[in-house]
Undergrad: 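Here you go, one structure.
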Amino acid sequence: MGVVIPLEDNKNKQASVKPLVDLTQSDMERVNQLILSKAGSDVQMIPEVANHLISSGGKRLRPMLTLAAASMFGYEGDGHVKLATSVEFMHTATLLHDDVVDESDLRRGKSTARTIWGNQASVLVGDFLLGQAFRMMVDVGSLDALDVLSTAASVIAEGEVLQLSVAKNMETTEDDYLQVIRAKTAALFAAASEVGPIVASASKADRNALKSYGTNLGLAFQLVDDVLDYGGSSSDLGKNVGDDFREGKITLPVILSYRRGTPQDRAFWREAIEGGASDEANLEKALSLIHRYGGLTDTIARAKHYGTIARDALAPLPASPCKSALVEVIDFCIDRVS
């Protein structure tokens, strides 16, 4: 005798970041005030450069993770606001440095700071923001939180250097690439999530749960970004579609397409990425090969895999509005490609 199990169709409901935004709204107002305060300086160029990027419309997902993770464990102080601001400053500093390294002209749909003020100013203002971030961490007075965020800063820098070492190298493996994004992207997601339970004096198990959640959310987030660069639009990305290709970046859709292709296909990728032949005609061919060999669909599948791990990391925690919002963020990040 067969048993019929009714399955709910959750895909009718579009995942949203709104529950997280609503739950953290009052704390985020305090974060935004602190951002403006700590980005200030008597040196006029510093707030000009910092505010150009800070005010450019990012979702500020990472600081919201810190706020929600602290609230989930009943935290009622103001340390989470300072830590969330530290997280956002670390992220902003990374973007300023990234745009210099990548020679990017657009960020969130606007000209990058480096195209307006130059590379030197972008790097130095990024360094200023990192310094302000660490001052706020010290103000909170939690050595554990300081350890987690300072370790993340070091790991992110290692990831940047690792990415340089594999740049334009078509022999980069999927494992190599995952090592890069685990350091460059997932490390800050993990730290942002973990310092919430730390400042709330939660258990080690709870800390580990949020750290695992953040790590795997970050991996899923970056993999979806990789897909959007070849399958999204400029308005979705806040940068030009195909920028990764033009900059010779090795991302997972490219790695999969290269390894699955014919010798002629692989010769094309070496000429385009390693040889710098990244004109619009070759971008069209690259898109064709990526679609032919399932580069986008399989990268999305990898993102969903890490999303499932992130969801499972939170599963043992008690039900709460914050937990539900954090779970929905996983689907929101992945649904950006739908």
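Hydrogens, waters and symmetry mates play no part in the numbers below; they use all other heavy atoms, side chains included. All figures in this text were calculated on a predicted structure; none of them were measured in a lab.
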Undergrad: Could you check if a side-chain atom of N51 sits within less than 4.5 angstrom of a side-chain atom of L36, using non-hydrogen atoms only?
TA: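 With C-beta onward as the side chain, the pair touches.
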
Undergrad: Measure across I334 and G307 and return the closest heavy-atom pair with its distance rounded to 0.1 Å.
TA: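 Scanning both residues, the minimum pair turns out to be CD1-CA, 4.1 Å.
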
Undergrad: Donor-acceptor check, side chain of R114 to backbone of S104, threshold 3.5 angstrom: yes or no?
TA: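 Confirmed, R114 side chain pairs with S104 backbone.
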
Undergrad: Please check if atom NZ in K184 has more than 12 non-hydrogen atoms from other residues, nucleotides or ligands closer than 6.0 Å.
TA: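 Above 12, so yes.
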
Undergrad: So if you build clusters from Ile, Leu, Val, Met, Phe, Trp, Tyr with side-chain heavy-atom gaps below 4.5 Å, do F189 and Y213 land together?
TA: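 Yes.
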
Undergrad: Is the side chain of S320 donor-acceptor paired with the backbone N or O of K323 at a distance under 3.5 Å, no angle test?
TA: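 At least one qualifying donor-acceptor pair exists.
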
Undergrad: Is it the case that the side chain of D147 and the backbone of L143 share a donor-acceptor pair, with hydrogens and angles ignored and the cut-off at 3.5 Å?
TA: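 No, D147 side chain to L143 backbone: no donor-acceptor pair under 3.5 Å.
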
Undergrad: Would you say that more than 12 heavy atoms from the other residues, nucleotides or ligands in this model lie under 6.0 Å from the CZ of R182, or not?
TA: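 No, CZ of R182 has 12 or fewer neighbouring heavy atoms, counting only those of other groups under 6.0 Å.
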
Undergrad: Shortest non-hydrogen contact from G295 to L256?
TA: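 Where G295 meets L256 most closely, the heavy atoms are O-CD1, 4.0 Å.
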
Undergrad: Answer with yes or no whether the hydrophobic clustering places L20 together with V81; edges join I, L, V, M, F, W, Y residues whose side-chain heavy atoms lie under 4.5 Å apart.
TA: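 Same cluster: L20 reaches V81 through Ile, Leu, Val, Met, Phe, Trp or Tyr contacts under 4.5 Å.
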
Undergrad: Considering all heavy atoms of both residues, which atom of S278 and which atom of R246 are nearest to each other, and what is their separation?
TA: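 Looking at all heavy atoms of both residues, the shortest contact is OG-O, 3.5 Å.
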
Undergrad: For H52 and W117, take the angle between the two ring planes, folded into 0 to 90°, and tell me which bin it lands in: parallel under 30, tilted 30 to 60, perpendicular over 60.
TA: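 Perpendicular.
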
Undergrad: Would you say the side-chain atoms of D229 pair up with the backbone N or O of D244, donor to acceptor, closer than 3.5 Å?
TA: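 Yes, D229 side chain to D244 backbone: donor-acceptor pair under 3.5 Å.
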
Undergrad: Tell me whether K38 contacts the main-chain N or O of L129 through its side chain, where contact means a donor paired with an acceptor under 3.5 Å.
TA: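 Pair absent, no side-chain N/O of K38 close to backbone of L129.
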
Undergrad: Under the 6.0 Å and 45° cation-pi test, does R336 pair with F221?
TA: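 Yes, R336 lies over the aromatic ring of F221.
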
Undergrad: So, R207 side chain and A202 main chain: donor-acceptor pair closer than 3.5 Å or not?
TA: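 Not at all, since once roles are kept as given, no pair shorter than 3.5 Å links the two residues.
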
